[in-house]
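Here the structure is a predicted model, which is why all the values come from computation and not from measurement. As the structure lists them, so they are numbered: ligands from 1, and atoms in each ligand from 1.
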Amino acid sequence: MSRLLEVKNLKTSFSTYAGDVQAVRGVSFHLDKGEALGIVGESGCGKSVTMMSIMRLLSDNGKLIDGEINFDGNMISNYSERQMESVRGNDIGMIFQDPMTSLNPVFTVGDQLIEPLMKHRKIGKKEALEEAIKILELVGIPSPRKRIKQYPHEFSGGMRQRVMIAMSLICEPKLIIADEPTTALDVTIQAQILDLMKNLKDKLNTSIILITHDLGVVADICSRINVMYGGIIVETGTTRDIFYKGRHPYTWGLLNSVPNPKKKNKEKLQPIDGQPPDLLKPPVGCPFTSRCKYSMKVCLEKQPPLFELSEGHRCACWLCHPDAPQVDSPIRRGRDGE
Ligand SMILES: Nc1ncnc2c1ncn2[C@@H]1O[C@H](COP(=O)(O)OP(=O)(O)OP(=O)(O)O)[C@@H](O)[C@H]1O
Ligand SMILES: [Mg+2]
């Protein structure tokens, strides 16, 4: 597989009255063509800001402080705003939790699909209409010829999410970034949308970055997972590595809320006791220390590097240091599978 995205040492801050919020504090990861990567971690850990930094869609008070972003062989972190517009319009599609943030309530769904199609594929209105109907069909909208004349409010939540996926597909993106695409939907609709994304991935060979709180969802779709905490990646590996051989105490906390990744379990992650770090003044050591029952002196003093445990499986915890005391994984299903 060849590389599609390579992010190195990404740092993003927001300036606020209280000071600078260091939302993303040195994040590095990659994604191969056709691959689906999951990003998990509790609220505020920097998942969305990481993606918005890549897309250069930060709010006015946000700033990319450092980092390199290489997309499909181009260093897009050096791109001008105009060049980024083209990346957003042609190469990377985005799906958000709330489809109404992307759909315009005053235009019909057809208007919103046809115009970008005409622009992107350089085709006339009639051809674009037929193409739009095909895309709506692809994402499972029934009677697309009739539905295309309707307004977003005439669609149910699940159908709106399908329309948004249709919109993200117009540019035939190499990458789709889906930020909590199903959180707002009820469980059966969630499953349908996720199935749709899985099918599209296989059919169109699109790469996917899926941000979610739900580890069950990730296990279903993604081959690799980044676990984020306090603005950094604390563990990364294949889905099997994370589920069966996870080594970070924070990963253990997340995993203990999902009994078995093979079951289609839609349980939400259980909150872990304690508070996430204050990103106005992030701790010098490991950001998880104050909530970690294994914490040692070194954890307060120095942020652990990402120790390589096996190829592609890395964990930022001092317990992974070769001289650290041995701690058995408390994951219920055990380390080596069921
Ligand atoms: N515009 C902003 N101004 C100030 N701080 C911000 C801004 N946007 C995000 N942050 C802060 O950046 C940090 C990371 O936020 P982010 O939205 O990436 O979290 P997240 O992991 O996506 O959480 P969630 O699961 O709730 O969506 C948070 O502490 C958040 O408060
Ligand atoms: Mg978010």
Side-chain angles (χ1 to χ4, degrees), residues 5 7 9-29 37-67 69 92-102 161 164 168 176-185 190 193 197 208-218 221-222 225-236 242 248 250-251 253-255 257-258 266-272 274-283 286-288 290-291 303 316:
L5 178 70
V7 175
N9 198 30
L10 189 74
K11 290 185 184 164
T12 303
S13 285
F14 292 96
S15 79
T16 68
Y17 288 118
D20 283 352
V21 178
Q22 299 174 40
V24 175
R25 306 186 295 127
V27 158
S28 304
F29 67 94
L37 171 74
I39 316 252
V40 300
E42 70 195 338
S43 193
C45 69
K47 305 181 295 294
S48 299
V49 172
T50 301
M51 294 310 139
M52 292 312 229
S53 308
I54 293 172
M55 296 297 278
R56 210 92 65 76
L57 286 173
L58 294 168
S59 53
D60 288 346
N61 62 333
K63 198 170 167 218
L64 229 138
I65 308 280
D66 199 2
I69 304 162
I92 308 181
M94 282 202 87
I95 306 171
F96 299 97
Q97 178 180 339
D98 177 10
M100 289 315 266
T101 53
S102 301
Q161 198 58 303
M164 191 152 81
S168 75
I176 290 186
I177 298 177
D179 193 346
E180 308 268 5
T182 58
T183 312
L185 304 171
Q190 271 188 19
I193 297 288
M197 288 182 59
I208 294 180
I209 295 179
L210 178 64
I211 299 177
T212 176
H213 285 97
D214 188 333
L215 272 172
V217 165
V218 182
I221 297 192
C222 303
I225 299 177
N226 289 345
V227 180
M228 285 191 73
Y229 186 83
I232 60 172
I233 292 175
V234 292
E235 187 158 9
T236 178
I242 300 293
H248 201 286
Y250 179 64
T251 308
L254 292 184
L255 282 167
S257 65
V258 185
K266 299 297 168 205
E267 207 176 317
K268 285 263 156 41
L269 301 180
Q270 298 286 320
I272 300 164
Q275 294 296 315
D278 177 3
L279 295 176
L280 280 166
K281 278 199 189 73
C286 167
F288 192 58
S290 64
R291 299 167 81 180
Q303 186 171 308

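Remark: ligand 1 atoms within the under-4.0 Å shell around heavy atoms of L279 are 29 (O). The distance from ligand 1 to the heavy atoms of T16 drops below 4.0 Å at these ligand atoms: 4 (C). Remark: ligand 1 atoms within the under-4.0 Å shell around heavy atoms of S59 are 1 (N).
Of the N and O atoms on the side chains of S15 and N61, not one donor lies less than 3.5 Å from an acceptor on the other residue.
The parts of C45 lying near ligand 1 are both backbone and side chain, judged by heavy-atom distances below 4.0 Å.
In this structure, G41 does not count as a contact residue of ligand 1, since none of its heavy atoms falls inside 4.0 Å of the ligand.
The N/O atoms of V21, backbone and side chain alike, include none that comes under 3.5 Å of an N/O atom in ligand 1. The N/O atoms of G44, backbone and side chain alike, include one that comes under 3.5 Å of an N/O atom in ligand 1.
Scanning the protein heavy atoms around atom 2 (C) of ligand 1, the nearest turns out to be F14 CD2, 3.4 Å. Protein heavy atom nearest atom 27 (O) of ligand 1, with residue, atom name and distance: S48 OG, 3.9 Å. Given atom 26 (O) of ligand 1, the protein heavy atom at minimum distance is S43 OG, 2.5 Å. Of all protein heavy atoms, the one closest to atom 25 (O) of ligand 1 is K47 NZ, 2.8 Å.
Taking all heavy atoms of V49, N61, L58 into account, the minimum distance to atom 16 (P) of ligand 1 is reached by V49.
Atoms of the protein (N, O or S only) found under 2.8 Å from the Mg ion (ligand 2) are S48 OG.
Put simply, atom 30 (C) of ligand 1 has no protein non-hydrogen atoms near it, under 4.0 Å away.
Between F288 and Y229, the angle of the ring planes goes over 60°, which puts this pair in the perpendicular group of the 30/60° scheme.
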